[in-house]
Protein chains: 2
Amino acid sequence: MTRSPKADGKGRKLSNFLCFAVYSANLAFGRAYKPILDAVGLTYTQYIAMVALAEADDLTVSALGEKLFLESNTLTPILKKLEQSGYISRARDPADERQVRVSLTKPGRRLLEKDLGGLLVEACGLGDEFPVVQKSVVRLRDNLLRNTKDKQDGT
Amino acid sequence: MTRSPKADGKGRKLSNFLCFAVYSANLAFGRAYKPILDAVGLTYTQYIAMVALAEADDLTVSALGEKLFLESNTLTPILKKLEQSGYISRARDPADERQVRVSLTKPGRRLLEKDLGGLLVEACGLGDEFPVVQKSVVRLRDNLLRNTKDKQDGT
DNA sequence: TCCGATTAAATCGGACCCGATTTAATAATT
DNA sequence: AATTATTAAATCGGGTCCGATTTAATCGGA
């Protein structure tokens with residue numbers, strides 16, 4: 001045990017922190033995407049939301065939030081902006097007026113066909129490791145979320 | 001070639017996006033740290049800034065920003081809060097009044113000795129892979145930043 | 001049926017992140 | 001030495017993130 005950055009007395013350096021690696025890699029992705037997304041008037045989060053919608057359309061805000069690990073407090077303003085931009089549509093579900101259904105519009109779908117994300121695969125510089133790293137980070141995320149869910153009920 | 005998420009026609013799913021893996025893992029880290037950091041009145045970014053200062057004290061805002069991949073526009077308000085909390089000190093450098101020197105205080109140093117980050121290593125659930133993933137993500141970040149730096153000068 | 005839960009979005013305030021600008025101090029040029 | 005250029009922080013506005021609350025619609029038990 002004790003695989004902590006410090007482990008044996010010393011070494012508690014920023015460069016050993018996995019959380020910082022992820023934090024700074026996320027900043028780096030945002031900066032790498034910026035020039036590409038600026039050209040089409042999207043932010044990073046807005047783009048990710050659209051990719052999520054490309055898989056499964058006509059989602060409620062909650063359902064979309066589950067895919068994105070976000071809630072309505074964060075999502076609502078983002079979706080409103082995407083609606084203003086004309087890339088998505090928002091409408092109350094007639095069967096349950098509490099819910100708002102979100103879908104890509106034609107222009108939104110057209111934009112995604114350009115595969116803006118693919119432009120950056122090379123910039124990651126991971127070569128064949130790309131899918132390996134991707135899966136490791138997903139596993140990390142899922143472990144963190146699972147081990148964080150208020151575990152005060154030891155079922 | 002073509003190691004893009006789409007690659008062979010289809011598969012452009014959110015779950016294949018490395019950027020989304022990193023984005024959501026970063027959210028997960030923030031949530032995992034929250035209860036731990038709430039207890040000492042720090043935010044995630046404030047904590048990371050303190051870890052950076054633990055390695056090399058008496059840094060200027062720019063120098064600290066280089067370690068954190070942030071600039072004064074983001075850092076200044078964070079440092080002001082850390083100063084108010086009593087964990088760091090800020091002072092103009094007498095030799096060059098343009099610069100502000102930042103250092104950990106005694107209470108700040110004491111707080112870091114608790115190794116709050118170490119509490120989460122287990123929650124990552126990566127076992128022996130921990131340092132491997134850590135290094136991969138760092139490499140990813142560095143590649144992205146290098147390949148993004150306005151490369152319009154093909155030296 | 002009616003009224004108290006429950007549920008889904010939206011709203012609000014505080015804290016990052018960033019591009020762009022401003023302020024103040026130092027360096028460089030003439 | 002005085003003016004200009006450069007540099008370091010700070011400021012500002014827009015766009016996330018998030019905990020907490022509010023609003024509105026639906027559900028459920030008496």
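Order of the sequence lines fixes the chain letters, A, B, ..., with proteins taken first and strands second; residue numbering starts at 1 for each chain.
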- Item | B:Val138 reachable from A:Val133 in the ILVMFWY side-chain graph, under 4.5 Å edges | no

- Winner on side-chain proximity to B:Thr45, out of C:dA9, C:dC16, D:dA8, is C:dC16

- Query: What nucleotide, of D:dT26, C:dA8, D:dA8, holds the atom closest to the side chain of A:Glu97?
  - Reply: D:dT26

- Message: Between P on D:dC18 and CG on A:Leu145, what's the gap in Å once rounded to a whole number?
- Response: 10 Å

- Query: Can a side chain N or O of A:Thr60 be found less than 4.0 Å away from OP1 or OP2 on C:dA8?
  - Reply: no

- Look only at the side chain of B:Arg92 and the backbone of B:Glu97, and say whether a donor-acceptor pair between them is shorter than 3.5 Å. yes

- Message: Let's test this: given Watson-Crick or G-U wobble pairing with both distances under 3.5 Å, identify the partner of D:dA30.
- Response: C:dT1

- SB check B:Arg12 A:Glu55 (cutoff 4.0 Å): no

- Message: I'd like to check A:Leu64 versus A:Leu75 (side-chain heavy atoms, cut-off strictly below 4.5 Å). Are they in contact?
- Response: yes

- Grab the CD-C1' distance between A:Glu66 and C:dA8 for me, whole Å please. 13 Å

- Query: To the nearest angstrom, how far is A:Leu64 atom CG from C:dA9 atom C1'?
  - Reply: 13 Å

- Item | Whole-Å gap separating C1' (D:dC18) and CG (A:Leu68) | 15 Å

- Spacing between A:Arg31 atom CZ and C:dC17 atom C1', to the nearest angstrom: 8 Å

- Item | Protein-nucleotide distance (A:Leu59, atom CG; C:dA8, atom P), rounded to Å | 14 Å

- Task: Measure the shortest side-chain to side-chain distance between B:Arg146 and B:Asn143 over non-hydrogen atoms and say whether it is less than 4.5 angstrom.
- Result: yes

- Would one find a side-chain N or O of B:Tyr23 under 4.0 angstrom from OP1 or OP2 of D:dC17? yes

- Message: I need the B:Asn26 CG to A:Leu27 CG distance, nearest 0.5 Å.
- Response: 7.5 Å

- Most 5' of A:Phe69 and A:Asp93 on DNA chain D, judged by nearest nucleotide: A:Phe69

- Which of D:dT7, D:dC18, C:dC17 is nearest the side chain of B:Leu70? It is C:dC17

- In whole angstroms, the gap separating C1' of C:dT26 from CD of B:Gln99 amounts to 10 Å

If you restrict it to nitrogen or oxygen atoms, what contacts under 3.5 Å exist between nucleotides 10-15 of chain D and the protein, and what is each distance?
from   : atom 1 : to      : atom 2 : distance (Å)
D:dA10 : OP1    : B:Arg90 : NH2    : 2.5
D:dA10 : OP2    : B:Thr76 : OG1    : 2.5
D:dA10 : N7     : B:Ser72 : OG     : 2.9
D:dT11 : OP2    : B:Lys80 : NZ     : 2.7

- Message: Any salt bridge linking A:Glu83 with A:Arg90? Criterion: basic side-chain nitrogen under 4.0 Å from a carboxylate oxygen.
- Response: yes

- Item | Whole angstrom value for the distance that separates P of C:dA15 from CG of B:Asp38 | 12 Å

- Task: Go through C:dT7, D:dC17, C:dA27 for me and flag the one nearest to the A:Arg98 side chain.
- Result: C:dT7

